[in-house]
There are 2 protein chains.
Amino acid sequence: MTKKVDAKGRVSVPSAFRTVLTRLDIRDLYVFQDFVFPAISIAGPEVLERFERHIDQGDPFSPDANKMSLLIHGGGVFMKLDGEGRLAVTDFIRDFAGITNQVTFVGRGDYFQLWEPSALTRMQDETRRERMEQSVRST
Amino acid sequence: MTKKVDAKGRVSVPSAFRTVLTRLDIRDLYVFQDFVFPAISIAGPEVLERFERHIDQGDPFSPDANKMSLLIHGGGVFMKLDGEGRLAVTDFIRDFAGITNQVTFVGRGDYFQLWEPSALTRMQDETRRERMEQSVRST
DNA sequence: TAAATTCCCATTGACGCCCAATTTTGCCCA
DNA sequence: TGGGCAAAATTGGGCGTCAATGGGAATTTA
């Protein structure tokens with residue numbers, strides 16, 4: 001599901017994803033840098049709250065908790081879609097995901113991701129290769 | 001949320017953070033060296049009091065508690081924003097955080113931090129790596 | 001008095017909000 | 001089965017508002 005970024009730096013979020021958001025009554029989006037991939041993940045505020053709760057369980061002054069807090073708060077922003085369901089592709093998104101003028105949307109259950117198209121295919125190829133090697137080893 | 005320092009050594013604090021400050025009716029900002037990171041933390045007086053309470057709970061003779069107390073009471077200054085919501089980036093800030101002409105703002109609940117951009121990404125990358133290693137270990 | 005800081009104003013630029021045009025999709029009927 | 005239509009989705013862009021920026025002038029400080 002690849003979409004173009006328009007002249008004003010916007011992408012329209014495919015209706016399939018928006019449907020999920022409206023069903024969950026999510027208006028404010030928590031847009032954050034994925035922990036594992038060079039991709040932007042988009043979810044509702046409750047995901048941030050879940051992260052924060054997890055952090056709050058530990059000592060708020062411990063290095064570990066602070067690092068996680070930094071990852072969560074420094075790696076995420078709140079955004080909202082415009083009236084037509086479009087998202088502004090800010091530098092925050094561009095820089096981390098390497099996105100310029102094309103965005104690939106990937107649904108992942110209760111959230112979705114933004115990828116730079118070729119980065120996604122590269123990642124998929126790599127994963128496929130690893131699976132092949134595994135199956136060869138186990139033969 | 002990265003901003004440039006202008007020719008006069010000022011950065012405009014993003015409106016998102018200023019909104020929080022005005023909502024809490026905070027005019028004087030306490031600017032101090034963060035406990036765990038090479039970053040400057042900025043908060044209102046009540047956050048300071050919370051830190052102090054937390055320190056009081058610990059062993060007053062422990063090196064950590066003493067250091068933190070020292071940082072809070074001696075390692076900080078009061079500052080205020082100008083009419084346009086800008087902060088003067090003084091040497092106190094530059095030296096401790098390694099900031100030159102760019103500042104990344106990180107909100108952390110009821111206070112926020114100033115980072116040298118690359119220092120923040122380095123710290124975040126490191127944290128991601130640690131998380132990855134953890135999940136690998138637990139496999 | 002020179003340098004730095006604060007105050008003030010003008011310009012720029014980004015973003016939200018809106019409407020119109022165009023394309024795609026799903027569905028019904030001949 | 002193939003059009004034809006209506007609804008929905010996407011796309012493009014105008015415009016007003018406000019944040020962000022840049023810089024001049026006044027004021028303070030050393």
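Just so we're on the same page: letters track the sequence lines, and every chain starts at 1. Owing to the predicted nature of the structure, the values given are computational and were not obtained by experimental measurement.
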Student: Mark yes or no for a side-chain to base donor-acceptor pair under 3.5 Å between A:E84 and C:dC17, with no hydrogen or angle criteria applied.
Tutor: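 No pair found.
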Student: May I have the distance from A:R10 (atom CZ) to C:dA14 (atom C1'), rounded to whole angstrom?
Tutor: 12 Å
Student: Expressed in angstrom and rounded to an integer, what is the separation of A:F78 atom CZ from C:dC15 atom P?
Tutor: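 A:F78 atom CZ is separated from C:dC15 atom P by 18 Å.
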Student: Any ion pair linking B:D125 and B:R128 (charged N to carboxylate O, less than 4.0 Å)?
Tutor: yes
Student: Once you apply a heavy-atom cut-off of 4.0 Å, does B:V11 come out as touching a base, just sugar-phosphate, or nothing?
Tutor: nothing
Student: For DNA chain C, whose closest nucleotide is more 5', that of A:D82 or that of B:K8?
Tutor: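 Of the two residues, B:K8 wins.
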Student: Let me know the distance between CG of A:D6 and P of D:dA9, rounded to the nearest Å.
Tutor: 19 Å
Student: Do A:L71 and A:F51 have side chains that get closer than 4.5 Å, going by heavy atoms?
Tutor: no
Student: Calculate the interatomic distance between B:R18 atom CZ and D:dA19 atom P; express it in whole Å.
Tutor: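 Roughly 7 Å, once rounded to whole Å.
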Student: Under 3.5 Å, is there any donor-acceptor pair linking the side chain of A:R86 to the base of C:dG16?
Tutor: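 Counting by modelled atom types and ignoring angles, no donor-acceptor contact under 3.5 Å is found here.
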Student: Just to confirm, is there a sub-4.0 Å distance from OP1 or OP2 of D:dT11 to any side-chain nitrogen or oxygen of A:S12?
Tutor: yes
Student: Over how many whole Å does the gap from A:N101 atom CG to D:dT11 atom C1' extend?
Tutor: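 The distance from CG of A:N101 to C1' of D:dT11 comes to 16 Å, rounded to the nearest Å.
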Student: With heavy-atom distances below 4.5 Å as the criterion, would you say the side chains of A:W115 and A:F37 are in contact?
Tutor: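 Sidechains of A:F37 and A:W115: in contact.
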Student: If I take atom CE in residue B:M79 and atom C1' in nucleotide C:dA4, what distance separates them, rounded to the nearest angstrom?
Tutor: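 After rounding, the reported distance stands at 13 Å.
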Student: Using atom NZ of B:K4 as one end and atom P of C:dG13 as the other, report the distance to the nearest whole Å.
Tutor: 11 Å
Student: Decide yes or no on side-chain hydrogen bond (donor to acceptor under 3.5 Å, both in side chains) for B:T104 and B:Q102, but give the supporting numbers first.
Tutor: CA-CA 7 Å; B:T104 299; B:Q102 286 207 316; over 6 Å; no
Student: Rounded to the Å, how far apart are A:I93 CD1 and C:dA14 P?
Tutor: 16 Å
